[in-house]
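Step one of this worksheet: look at the structure below.
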Amino acid sequence: MGHIYYAKPSITELEVRYAADAAANGWGESCYGYISRLEEAFARHLGVKHAIATSSCTGALHMGLAALGVGPGDEVILADVNWVASAAPATYLGARPVLVDILEDSWCLDPRKVEAAVTDRTRAIIAVHLYGNLCDMDALLDIGARRGIPVIEDAAEAIGSIYRGRRAGSMGAFGAFSFHGTKTMTTGEGGMFVTDDDSLYEKVLTFSNHGRSRRQPRQFWPDVVGFKYKMSNLQAAVGCAQLERIEELIATRRRVFAYYAHHLRRLPVRMNPEPAGTVNSFWMPSVVADPDVSFERDALVEAFQAADIDGRVFFWPLSMLPMFPNRPENVVSRRISARAVNLPSYHDITREDQDRVIDLVRSHIRKGSTQ
Ligand SMILES: *Cc1c(COP(=O)(O)O)cnc(C)c1O
């Protein structure tokens with residue numbers, strides 16, 4: 001029985017061929033060939049006007065927030081349960097992440113808590129689509145429109161998720177994606193900034209080129225201090241191949257999730273939801289134990305590790321970390337984070353391997369059950 005990873009990229013002969021071509025030929029006049037192709041194909045896939053390839057999602061968020069004018073003393077609202085990468089870019093700009101509680105079912109931002117957290121310093125709301133689950137975008141966009149605050153989508157975990165006909169990442173002022181090796185689509189490291197807003201696009205394009213505007217006739221003349229978050233042509237070559245295979249990559253995640261969901265359906269747990277009118281790309285299948293069941297998360301993670309399976313805890317509430325103010329009032333965040341684990345998901349995980357995971361979850365929850 002082999003080791004079960006929690007995530008693994010799906011790399012075929014196509015990725016290898018494109019990468020080899022970029023390594024051999026993607027220089028000189030062709031040095032942006034795969035980058036431009038990836039940006040155009042990605043914008044088309046998402047149904048947005050503009051896309052800028054970046055070295056990471058963190059970089060895309062950093063430049064996008066800077067282009068929106070987020071600065072010292074400003075506040076940026078996001079959900080407490082998150083990977084730190086969603087909160088860090090605001091801090092780079094001297095702004096303060098305001099961490100609000102999540103909903104029971106989606107594990108994403110609670111719009112009523114967002115509304116209550118808005119102040120006259122709020123400059124952005126970051127909607128993170130956690131583990132492929134979609135935020136309540138109608139409610140968030142409504143708050144944003146009424147209060148004059150841009151809503152941003154961190155869709156790093158949600159390529160393939162669709163909200164009422166619109167793709168995750170295409171609905172906000174801008175969207176940010178990650179192509180880290182653990183994500184549904186990968187370039188090793190990498191990301192994408194997307195927007196429909198022409199002026200925001202121009203600003204981020206200038207920022208991404210070390211502050212050099214494409215309209216600036218002088219050579220090596222930055223107009224502002226910019227950033228260096230570019231994707232290389234080599235990485236973009238792998239990305240072009242992955243994007244050609246995107247429907248297959250998403251279908252894989254959905255198939256792995258469906259098998260878990262079917263075999264865990266009688267347990268007192270909740271898994272990633274897929275409400276009517278949405279498609280969940282199920283980046284990371286996750287199990288949250290019901291409140292009335294006794295559940296030892298750490299014991300389950302240890303049991304995974306003992307069985308040669310990557311045990312992965314749900315993200316911690318960021319407000320429990322030393323660098324952010326404590327927010328014990330975010331009770332849903334605290335409870336869910338402590339009672340949840342992620343399950344392994346990748347293209348060639350076998351049914352037998354999924355059964356090993358299922359048996360452990362089942363035995364563990366049954367063992368701990370108070371019923
Ligand atoms: C992975 C991830 C990021 C960070 O992506 P990088 O490309 O590593 O910067 C940001 N936000 C979310 C929600 C993520 O899952």
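Remember, it's 1-based here, ligands and their atoms both numbered in the order they're listed.
- Which of Met284, His180, Lys183, Glu157 comes nearest to atom 2 (C) of ligand 1 through a heavy atom is settled by distance: it is Lys183.
- Looking at Cys57 next to ligand 1, an N or O pair under 3.5 Å apart turns up.
- For ligand 1 and Val128, the ligand atoms under 4.0 Å from any heavy atom of the residue are 13 (C).
- Connection of Val128 to Leu141 is not established within any shared hydrophobic cluster, with ILVMFWY side chains joined at heavy-atom distances below 4.5 Å, either directly or through further cluster members.
- The nearest heavy-atom contact from the protein to atom 4 (C) of ligand 1 is Ala85 CB, 3.5 Å.
- Counting protein heavy atoms only, atom 8 (O) of ligand 1 is closest to Ser178 OG, 4.0 Å.
- Between His62 and Phe227, the angle of the ring planes goes over 60°, which puts this pair in the perpendicular group of the 30/60° scheme.
- Using a 4.0 Å cut-off to heavy atoms of Gly190, the atoms of ligand 1 that qualify are 7 (O).
- In this structure, Ser86 is part of the shell of residues with a heavy atom less than 4.0 angstrom from ligand 1.
- For Ala156, every heavy-atom contact with ligand 1 shorter than 4.0 Å involves the side chain, none the backbone.
- Side-chain atoms of Tyr163 come within 3.5 Å of backbone N or O of Asp138 as a donor-acceptor pair.
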Can you check salt bridge (charged side-chain N to carboxylate O under 4.0 Å, His left out) on Asp142 and Arg146, steps first, answer last? CA-CA 6 Å; Asp142 178 60; Arg146 279 190 287 106; 3.1 Å; yes
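- Side-chain N or O atoms of Arg339 include one that pairs as donor or acceptor with a backbone N or O of Ala289 at under 3.5 Å.
- The atoms of ligand 1 that sit less than 4.0 Å from any heavy atom of Asp154 are 10 (C), 11 (N), 12 (C), 13 (C).
- Applying the salt bridge (Lys or Arg N to Asp or Glu O under 4.0 Å) test to Asp198 and every residue at least two apart in sequence or in another chain returns Lys49.
- For Ser55, the heavy-atom gap to ligand 1 stays at 4.0 angstrom or more.
- Note on ring orientation: taking the six-membered ring where Trp is involved, the planes of Tyr201 and His50 are parallel (angle under 30°, cut-offs 30° and 60°).
- For the pair Glu247 and His45, the minimum side-chain heavy-atom distance is below 4.5 Å.
- Proximity of Thr58 to ligand 1, defined as any heavy-atom pair under 4.0 Å, is shared by backbone and side chain alike.
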